[in-house]
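A quick write-up on the structure given underneath.
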Amino acid sequence: MLAGKTALVTGSTSGIGLAVARALAKAGAKVMLNGSRPAAEAEALRAELAAESGVEVGYTPANLADPASARGLVETTVAAFGGLDILINNAGIQHVAAVDAFPDESWDQIMAINVSAVFHTTKAALPGMKEQGWGRIVNIASAHGVVASPFKAPYTASKHAVVGFSKAVALEVAEQGITCNALCPGYVRTPLIEKQVVDQAEVHNLPEDRVIREVILAAQPTKQFVEAEEVAAFAVFLCSDAAKSVTGSVQLIDGGWTAR
Ligand code: NAD
């Protein structure tokens, strides 16, 4: 479906990003991986994806908290593949704590990685997409892009920002063959969620199995985690020509969470 296309997936050495990168490669796109895993592990993943998909897969270990590195990641991808058709802004971090106890440096990190990096990569990717008259930007926001949870004020603020940013970008480039959408998952069991289980257990003073049932999946009517592969399949669709009229949208894949 995406043969001949080139893609960059930020934060793709783990969780949702890895599933999206794998699905894009299987759909035929050349994929640049990025993330903060040790180099040997990242190389093993790169080789695995290349072998199973038969397409070119690269890896660039840019730290997205740094604006120049975020821009450089796009430039490296364009240099490696000769262009960039698909940008998946997926990298994100979370920290769970009450606002009045929230560490300043965690707020800064969340904003730098979850919000500012999305601006910097998008800014760097758009000129090439405009020139070729085709582009797909999928920003992995969250159900927290449209609703809120206590103890997650900075994360909630960051994901609402990503939703607003996605809509504005979509309007700007609507006549140029470029779409930009926010894809908003509910709870997906990834390393990010494993950390939250530990954090929430501390905040609520509950054992971890009760946190999963009573705190985390309490919000999700299906009472099941969303699979990373489901998010990946949705992202591939948004990147396809069939989704050319889907832009500026907020796509929820949240087990019914936000229907409440
Ligand atoms: P994860 O922790 O498994 O993966 C995060 C990825 O981001 C990793 O590849 C990590 O290396 C990368 N990353 C983190 N900081 C980075 C940095 N400074 N520079 C470069 N890469 C960096 O998390 P995940 O659950 O797969 O989350 C992926 C995205 O999905 C995030 O934006 C997250 O907010 C969002 N999301 C997750 C869930 C969920 O339930 N897991 C739900 C909704 C939205």
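Atoms within a ligand are numbered from 1 in the order they appear, just like the ligands themselves.
Under the 6.0 Å distance and 45° angle rule, Lys5 counts as a cation-pi partner of Trp134.
In this comparison of Ala62, Ala91, Ser36, Gly11, the heavy atom closest to atom 20 (C) of ligand 1 sits on Ala62. Considering only non-hydrogen atoms, atom 1 (P) of ligand 1 lies nearest to Ser14 out of Pro185, Ser14, Ala19, Gly15. Relative to atom 37 (C) of ligand 1, the option among Thr10, Val188, Ile16 with the closest non-hydrogen atom is Ile16.
The closest approach between any non-hydrogen atom of Phe225 and ligand 1 is not below 4.0 Å. Judged by the shortest distance from any of its heavy atoms, Lys159 lies inside the 4.0 Å radius around the atoms of ligand 1. At a 4.0 Å cut-off, at least one heavy atom of Ala141 sits close enough to ligand 1 to count as contact. Remark: distances from the non-hydrogen atoms of Ala117 to ligand 1 are all 4.0 Å or more.
Those atoms of ligand 1 with a heavy atom of Tyr187 less than 4.0 angstrom away are 40 (O). Of all the atoms in ligand 1, the ones that sit under 4.0 Å from a non-hydrogen atom of Leu64 are 17 (C), 18 (N), 19 (N), 20 (C). Atoms of ligand 1 found under 4.0 Å from any heavy atom of Pro191 (numbered from 1 in listed order, with element): 3 (O). Atoms of ligand 1 lying under 4.0 Å from any heavy atom of Thr190, numbered from 1 in the order shown and given with element: 3 (O), 23 (O), 24 (P), 25 (O), 26 (O), 41 (N). Short contacts between ligand 1 and Asn34, defined as distances under 4.0 Å to a heavy atom of the residue, involve ligand atoms 20 (C), 21 (N).
Here the heavy atom of the protein found nearest to atom 36 (N) of ligand 1 is Tyr155 OH, 3.6 Å. Residue, atom and distance of the protein heavy atom nearest to atom 42 (C) of ligand 1 are Gly186 O, 3.0 Å. The nearest heavy-atom contact from the protein to atom 5 (C) of ligand 1 is Gly92 O, 3.9 Å.
The hydrophobic cluster containing Ile140 does not contain Leu87, counting ILVMFWY residues as joined when their side-chain heavy atoms lie under 4.5 angstrom apart, directly or transitively. Both Ile86 and Val31 are part of a single hydrophobic cluster, where members link through side-chain heavy atoms under 4.5 Å apart.
Taking the six-membered ring for Trp, His95 and Tyr155 have ring centres at least 6.0 Å apart.
Of the N or O atoms in Asn90, one or more lie within a sub-3.5 Å distance of an N or O in ligand 1. Any N or O atom pair closer than 3.5 Å counts here, and Asn63 shares at least one such pair with ligand 1.
With a 4.0 Å cut-off on non-hydrogen atoms, Ser12 touches ligand 1 through its backbone and not its side chain. No part of Cys184 comes within 4.0 Å of ligand 1, judged by heavy-atom distances. At a 4.0 Å heavy-atom cut-off, ligand 1 touches Leu192 through backbone and side chain alike.
Screening Gln196, His204, Glu202 for a side chain to side chain donor-acceptor pair (under 3.5 Å) involving Gln200 leaves a single residue, His204. The side-chain contact (heavy atoms from CB on, under 4.5 Å) test with Arg136 is passed by exactly one of Asp85, Thr179, Ile178: Thr179.
No donor-acceptor pair under 3.5 Å is formed between the side chain of Arg71 and the backbone N or O of His120.
Through side-chain heavy atoms spaced under 4.5 Å, either directly or across other Ile, Leu, Val, Met, Phe, Trp or Tyr residues, Leu217 is tied to Val146, Val147, Val163, Tyr187, Leu192, Ile193, Val197, Leu206, Val211, Ile212, Val215, Ile216, Phe225, Val250, Leu252, Trp257.
Here the CE-SG distance, from Met1 to Cys239, works out to 9.5 Å after rounding to the nearest 0.5 Å.
By the 4.5 Å heavy-atom criterion applied to side chains, Asp199 and Phe151 are not counted as neighbours. Met32 is not listed as a side-chain neighbour of Val9, based on a closest heavy-atom distance of 4.5 Å or more. You'll find the side chain of Phe234 reaches within 4.5 Å of the side chain of Gln251, heavy atoms only.
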